[in-house]
Amino acid sequence: MKNIAVLGSSGSIGVQTLNFIAKTKNEFKVCGLSVNSNIELLQKQIKQFKPSVVSVGNQQDANKVELWCKKNRYNTKAYFGIDGLNKVATIKEVDIVLFSVVGSIGLKSLLKAIEAGKNIAIANKESLVMAGSIIMKRAKEKNVKILPVDSEHSAIFQCIGEEKKESIKKIILTASGGPFYKSNKKLSTITVEDALAHPTWEMGKKITIDSATLMNKGLEAIEASVLFGVPIEKIEIVIHPQSIVHSMVEFNDGCVMAQLSNPDMTLPIQYALSYPERRKCFIKPLDLIQTQKLEFYKPDFKKFECLKIAYDCARVGWTMPAVMNASNEIAVEYFLDNKISFSDIASIVKTMTSKHKIIKTNNIQKYLEVDENIRQQTVNLIEERYI
Ligand code: MG
């Protein structure tokens, strides 16, 4: 039996992970959970999985949860904030920590989990974009596995298998293209509702907007470069509207390996948690005859500026991807609040990244400082120039 902690258990990946665990018998024990504010769902999860430790966003909610646990005789301790996340990330008996918090908030606890020798199932691409080389270096030193949960990266991981990274000619990262790939609509007129209607995947709000701007693919290109130790120039993006081929790897001899399955996060989640085993999966089996068409197109870097920004930032490296990530997170929040337009997201990220002077450092604290400063500066920029 594997002991597991889930950071971000009320989000889309967290919920799907717990659904999967509930279907297995005595294979996983859930020892820790964390949510930001969805206390109602957390209580349901406590009732079902009886974790020893949980964490929530603030002290008031932590008190409320702990009182509720006492009343219902659950032996669960409740904590809050970053310290709470760290507690869940480092529970003694836990073997694997699934990181599915949204945004850069998870970075510190991710490093704590690595220090504590936990294997990581990573569904938080923002931390890898922010400080990927530091994370991968520490993981190597601690002999800890970083297992991808993102569907594309799970695909790449499976395609690479036991091959050496020197044998990789290029990684072909597939993208559904989001809802506006074929649309002639002016990007500035796109509403929040338009952008939240993703054609093939059902996900949280932040990632759905990132998928519409294609920033998600930009973040994923950087994530792939970090996870597999391949330079960004060797990562090619291909639009594949059916979301059946989840990514491909081309090797030096010209062989291209691809991973195919119906679009359902259950498979990458369970592969990360069960690795190296392949267990029965309950998703709809792939029927290629019924699927009929698998299409591939070139991405439009002009229309989807975020994609170009991401490649430029990856080439510069150091603190630049962290700046891109922080300013994007803030811009997406403002867009979701209907305060800026869809096309403003790219222009805000462009402004913030083009004026940043990179810091060449391996000190994690510096990355966290940059993240915080850029968030504040992005808020200022938006309040001054966009509202
Ligand atoms: Mg993905």
Side-chain angles (χ1 to χ4, degrees), residues 8 11-17 20 98-104 106 120-130 132 146-160 171-181 195-228 230 232 235-249 258-273 275 283 294 296-297 299 304 306-307 310-311 314 321 324-325 328-329 332:
S12 170
I13 298 289
V15 167
Q16 292 180 74
T17 299
F20 156 67
L98 182 117
F99 269 86
S100 54
V101 291
V102 181
S104 59
I120 308 289
I122 187 113
N124 172 272
K125 62 193 81 172
E126 289 89 348
S127 336
L128 287 173
V129 169
M130 256 184 89
I146 308 275
L147 299 154
V149 173
D150 212 344
S151 59
E152 295 79 358
H153 304 78
S154 174
I156 297 163
F157 180 65
Q158 294 178 63
C159 291
I160 294 176
I171 287 174
I172 304 160
L173 193 65
T174 54
S176 71
F180 311 123
Y181 189 70
L196 285 178
H198 195 277
T200 46
W201 292 101
E202 240 193 88
M203 310 170 286
K205 278 187 186 171
K206 197 258 173 183
I207 184 174
T208 307
I209 302 301
D210 282 347
S211 299
T213 60
L214 291 200
M215 179 56 98
N216 184 52
K217 215 41 64 177
L219 293 168
E220 286 184 355
I222 301 176
E223 184 187 5
S225 158
V226 167
L227 276 173
F228 305 108
V230 167
I232 195 81
I235 297 170
E236 183 183 310
I237 292 170
V238 169
I239 304 290
H240 168 48
Q242 290 81 14
S243 299
I244 297 285
V245 177
H246 297 298
S247 276
M248 296 172 261
V249 178
Q259 186 260 322
L260 287 73
S261 56
N262 277 316
D264 188 325
M265 285 308 292
T266 311
L267 180 56
I269 289 170
Q270 84 161 51
Y271 190 67
L273 297 186
Y275 178 83
I283 69 168
L294 296 176
F296 301 94
Y297 304 104
F304 297 98
C306 286
L307 210 49
Y311 270 77
M324 176 191 85
N325 179 62
N328 178 61
E329 276 187 40
V332 170

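Both counts, for ligands and for their atoms, begin at 1 and track the order of listing. Since this is a predicted model, take the numbers as computed values, not measurements.
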task = In sequence, state the C-alpha distance, the side-chain angles, and the governing distance for M248 and F296, and then conclude on side chain to side chain contact (heavy atoms under 4.5 Å, CB included).
result = CA-CA 12 Å; M248 296 172 261; F296 301 94; 4.0 Å; yes

Donor-acceptor under 3.5 Å (S100 side chain, G8 main chain) = yes

message = Pairing donors with acceptors under 3.5 angstrom, does anything connect the side chains of H246 and S154?
response = no

ask   = Is the closest side-chain donor-acceptor distance between K125 and N216 under 3.5 Å?
value = yes

task = Provide the tally of protein N/O/S atoms nearer than 2.8 Å to the Mg ion (ligand 1).
result = 3

task = For A121, enumerate each residue passing the side chain to side chain contact (heavy atoms under 4.5 Å, CB included) test, keeping only those at least two apart in sequence or located in another chain.
result = I96, L98, V149, A272, L273

message = Working to the nearest 0.5 angstrom, can you tell me the gap between I172 CD1 and I235 CD1?
response = 11.5 Å

